[in-house]
Amino acid sequence: MILKPPRHAAVVWAAALLLAMLPCAPQAGAREGVEVGKPSAFTRLVPAEEVEQSAAQQYGQLLAQAKAKKALGSREHPQVQRLRAIARKIIPFALAWNPRARDWQWEVNLIGSGQINAFCMPGGKIAFYTGILDKLELSDDEVAMVMGHEIAHALREHARERMGKSTVTNGAARIGGALAAGIFGIDPRLTDGLARGGASLLTLEFSREDEKEADLVGMELAARAGFDPRAGVSLWRKMGATNRGAPPQWLSTHPSGKTRIAEIEKNLPRVMPLFERARAANPRG
């Protein structure tokens, strides 16, 4: 069946686009910790269930491929136990950032690869590559900063946001106002397309603003869990040493290491009290 746009389709389309473009209103009342505003309105254009289901499928496929290559860390692997212990401390503090996270089936796995990489897919699917642990010789505090950063991407639904933006820009170019009717009616063909679009979740690059937000939220998560947020500085110095020759910040989707360090240092006064309180409550770590 071909959708026929109603007469007011143009108005609906304009309203949807305007809603997505409106700046986030400041949160009512001061909170302890970092301030990053509300999640992007673009996430409203994409069903969360579709994105999380697609992520779970891709994560399962990735683990199956790693297992077939004997590159999947076993439950007894010391680094797997280490990563899962750190995750157990961080995840309880993640739930306040996204109510959906309470129902996520969280997983943490280790994949044998020389890549300096880690990620947390929508729905709480976490993976670290051995390369980032071995080549950077990460301390527990630095691992917590990486993990907090990746979890923050999932909590703030940056993948869903980018898919929403893609829906708007690509849809506008192809079918204009007719897409708005499809969005608000949740046309199955649209949601199927979004699920297929999730094929890029494993390689999705976030914007510089998303990366900055993930740095700050991740730093707070680590601090609340009792990990030293100052480790973000040493982490990005190590990352900078491995990325010599990288393009200038304005040519990259990621902020430069110096920019990230400056932003972390600027926000340390907001999270150090959280870390100190957590350490006082659990002096043995």
Side-chain angles (χ1 to χ4, degrees), residues 27 29-36 73-111 117-121 123-130 132-156 211-239 260-261 263-285:
Q27 296 182 358
R31 67 177 299 275
E32 192 174 18
V34 301
E35 292 290 349
V36 293
S74 67
R75 183 184 306 174
E76 295 77 21
H77 194 294
Q79 291 283 37
V80 172
Q81 294 181 353
R82 177 193 185 201
L83 291 171
R84 291 179 178 176
I86 292 172
R88 282 195 294 270
K89 294 180 180 180
I90 292 176
I91 289 172
F93 298 100
L95 308 183
W97 283 92
N98 187 328
R100 294 186 57 80
R102 296 181 181 276
D103 299 321
W104 288 353
Q105 300 299 311
W106 292 85
E107 294 185 54
V108 184
N109 283 286
L110 176 68
I111 297 175
N117 195 19
F119 61 81
C120 178
M121 297 177 74
K125 308 302 184 185
I126 302 170
F128 271 67
Y129 290 80
T130 53
I132 194 171
L133 299 174
D134 298 340
K135 293 181 180 179
L136 299 188
E137 299 181 348
L138 298 182
S139 66
D140 284 359
D141 291 321
E142 290 167 339
V143 169
M145 288 294 293
V146 173
M147 189 177 292
H149 172 98
E150 299 302 335
I151 288 174
H153 276 308
L155 294 173
R156 300 293 288 177
E211 291 294 335
K212 172 184 172 182
E213 188 174 287
D215 281 347
L216 297 184
V217 174
M219 179 170 64
E220 179 182 312
L221 292 174
R224 288 185 182 277
F227 297 99
D228 192 337
R230 291 170 293 191
V233 175
S234 59
L235 168 66
W236 284 107
R237 284 176 179 160
K238 289 181 179 182
M239 290 291 287
R260 300 182 99 138
I261 290 173
E263 196 66 30
I264 288 171
E265 290 177 333
K266 176 183 174 181
N267 282 273
L268 279 175
R270 290 179 174 269
V271 296
M272 283 302 294
L274 304 176
F275 163 64
E276 291 164 357
R277 191 182 310 152
R279 276 296 170 91
N282 187 14
R284 294 186 180 182

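For the single chain, residues carry numbers from 1 onward in sequence order. Quick note: numbers below take in every heavy atom, side chains included, and nothing from hydrogens, waters or symmetry partners.
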Interatomic distance, [X] atom [atom1] to [Y] atom [atom2] [nearest 0.5 angstrom]:
{"X": "Q79", "Y": "F128", "atom1": "CD", "atom2": "CZ", "answer": "10.0 Å"}
{"X": "M219", "Y": "D228", "atom1": "CE", "atom2": "CG", "answer": "11.0 Å"}
{"X": "I126", "Y": "I91", "atom1": "CD1", "atom2": "CD1", "answer": "5.0 Å"}
{"X": "K135", "Y": "Y129", "atom1": "NZ", "atom2": "OH", "answer": "13.0 Å"}
{"X": "W236", "Y": "E142", "atom1": "CH2", "atom2": "CD", "answer": "11.5 Å"}
{"X": "D215", "Y": "L235", "atom1": "CG", "atom2": "CG", "answer": "8.5 Å"}

Would you confirm whether [X], through its side chain, and [Y], through its main-chain N or O, come within 3.5 Å as a donor-acceptor pair?
{"X": "R31", "Y": "V34", "result": "yes"}
{"X": "K89", "Y": "F227", "result": "no"}
{"X": "W106", "Y": "A101", "result": "yes"}

- request: Could you go through the side-chain contact (heavy atoms from CB on, under 4.5 Å) check for R260 and E211 one step at a time?
  value: CA-CA 9 Å; R260 300 182 99 138; E211 291 294 335; 2.9 Å; yes

Looking at every heavy atom in both [X] and [Y], which two are closest together, and how far apart are they?
{"X": "I90", "Y": "A144", "result": "CD1-O, 3.8 Å"}
{"X": "I86", "Y": "D140", "result": "CD1-O, 4.0 Å"}
{"X": "L136", "Y": "K238", "result": "O-NZ, 3.0 Å"}
{"X": "L83", "Y": "N109", "result": "CD1-O, 4.5 Å"}
{"X": "G218", "Y": "A152", "result": "N-CB, 3.9 Å"}
{"X": "K125", "Y": "Q105", "result": "NZ-O, 2.8 Å"}

message: Please enumerate all residues that pass salt bridge (charged side-chain N to carboxylate O under 4.0 Å, His left out) together with E150, with sequence neighbours excluded.
response: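 Expected list: none.
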
task: Start with the C-alpha distance between V80 and V108, add both sets of side-chain angles, then the distance that settles side-chain contact (heavy atoms from CB on, under 4.5 Å), and finish with yes or no.
output: CA-CA 8 Å; V80 172; V108 184; over 6 Å; no

Minimum side-chain heavy-atom gap [X]-[Y] below 4.5 Å:
{"X": "H149", "Y": "V217", "result": "no"}
{"X": "D141", "Y": "F275", "result": "no"}
{"X": "L138", "Y": "V143", "result": "yes"}
{"X": "W97", "Y": "I151", "result": "no"}

- prompt: Does a side chain donor of either H153 or E213 reach within less than 3.5 Å of an acceptor in the other side chain?
  reply: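 No pair is found: no donor N or O on one side chain lies under 3.5 Å from an acceptor on the other.
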
List the atom pairs, donor and acceptor, that lie under 3.5 Å between side-chain atoms in residues 265-274 and the rest of the protein, sequence neighbours left out.
| from | atom 1 | to | atom 2 | distance (Å) |
| --- | --- | --- | --- | --- |
| N267 | ND2 | E263 | O | 3.0 |
| N267 | ND2 | E263 | OE2 | 3.4 |
| R270 | NH1 | G33 | O | 3.3 |

message: Could you walk me through whether L221 and L155 satisfy the side-chain contact (heavy atoms from CB on, under 4.5 Å) test, starting with their C-alpha distance in whole Å, then the side-chain angles of each, then the deciding distance to 0.1 Å, before giving a yes or no?
response: CA-CA 11 Å; L221 292 174; L155 294 173; 3.9 Å; yes

